Amino acid sequence: MDVLLDRERLREARDTLKTAKADFEDAGSINDTLESAIGTPQGKSKLRDRVGWFESNWSGNRDDLTESVENVYKRLDGIIEGWDEWEAQASAELDSKEGGS
């Protein structure tokens with residue numbers, strides 16, 4: 001049985017997960033910047049308060065998602081590293097057999 005594994009696509013997926021994790025982690029500070037930018041136009045803070053409310057409610061979910069993304073990233077990275085190591089070992093064994101013949 002042959003195993004076909006497109007490691008380049010796996011690396012791309014891993015990189016995307018890394019970017020997603022960073023974006024989730026940065027979202028809180030982006031929200032703070034947004035709240036500051038909104039300010040209190042005409043002395044009213046309803047929109048700013050609503051943005052703050054959204055951030056408070058979203059924060060816990062974002063933390064859970066960030067953790068899940070990190071777990072998938074680690075597993076995917078382990079698969080890629082495992083296959084890379086296996087390929088290097090198999091190649092070294094093949095080279096040593098060809099050199100010894």
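Keep in mind that this is a model prediction, so the values were computed, not measured.
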Side-chain touch Ser68/Val72, heavy atoms, less than 4.5 angstrom | no
Tell me, which pairs form a salt bridge (charged side-chain N to carboxylate O under 4.0 Å, His left out) where one or both residues lie in residues 33-50, sequence neighbours left out?
-> none
About how many Å separate CG of Asn71 and OG1 of Thr66, when rounded to the nearest 0.5 Å?
-> 11.0 Å
Does Asn61 have any side-chain contact (heavy atoms from CB on, under 4.5 Å) partners at least two apart in sequence or in another chain, and if so, which?
-> Trp58
Who else is in the cluster with Leu34 when I, L, V, M, F, W and Y are joined by side-chain contacts under 4.5 Å?
-> Ile38, Leu47, Val51
What pairs with Trp86 under ring-ring contact (aromatic ring centres under 6.0 Å, His included), at least two apart in sequence or on another chain?
-> Trp83
Gap separating the CG atom of Leu10 from the CG atom of Leu5, nearest 0.5 angstrom = 5.0 Å
Do the side chain of Ser96 and the main chain of Glu93 share a donor and acceptor less than 3.5 angstrom apart?
-> yes
Between Leu65 and Ile30, is there a shared hydrophobic cluster once you connect ILVMFWY residues whose side-chain heavy atoms come closer than 4.5 Å?
-> no
What side-chain donor-acceptor pairs closer than 3.5 Å can you find for residues 13-28, not counting sequence neighbours?
| unit_1 | atom_1 | unit_2 | atom_2 | d |
| --- | --- | --- | --- | --- |
| Arg14 | NH1 | Asp77 | OD1 | 2.7 |
| Thr16 | OG1 | Glu12 | O | 3.0 |
| Thr19 | OG1 | Asp15 | O | 3.1 |
| Lys21 | NZ | Glu25 | OE2 | 2.6 |

With sequence neighbours excluded, residues passing salt bridge (Lys or Arg N to Asp or Glu O under 4.0 Å) with Glu67 = none
Output for pair (Ile80 CD1, Arg11 CZ), nearest 0.5 Å, gives 6.0 Å
Please round to the nearest 0.5 Å and tell me the distance separating atom CD of Glu81 and atom CG of Leu76.
-> 10.5 Å
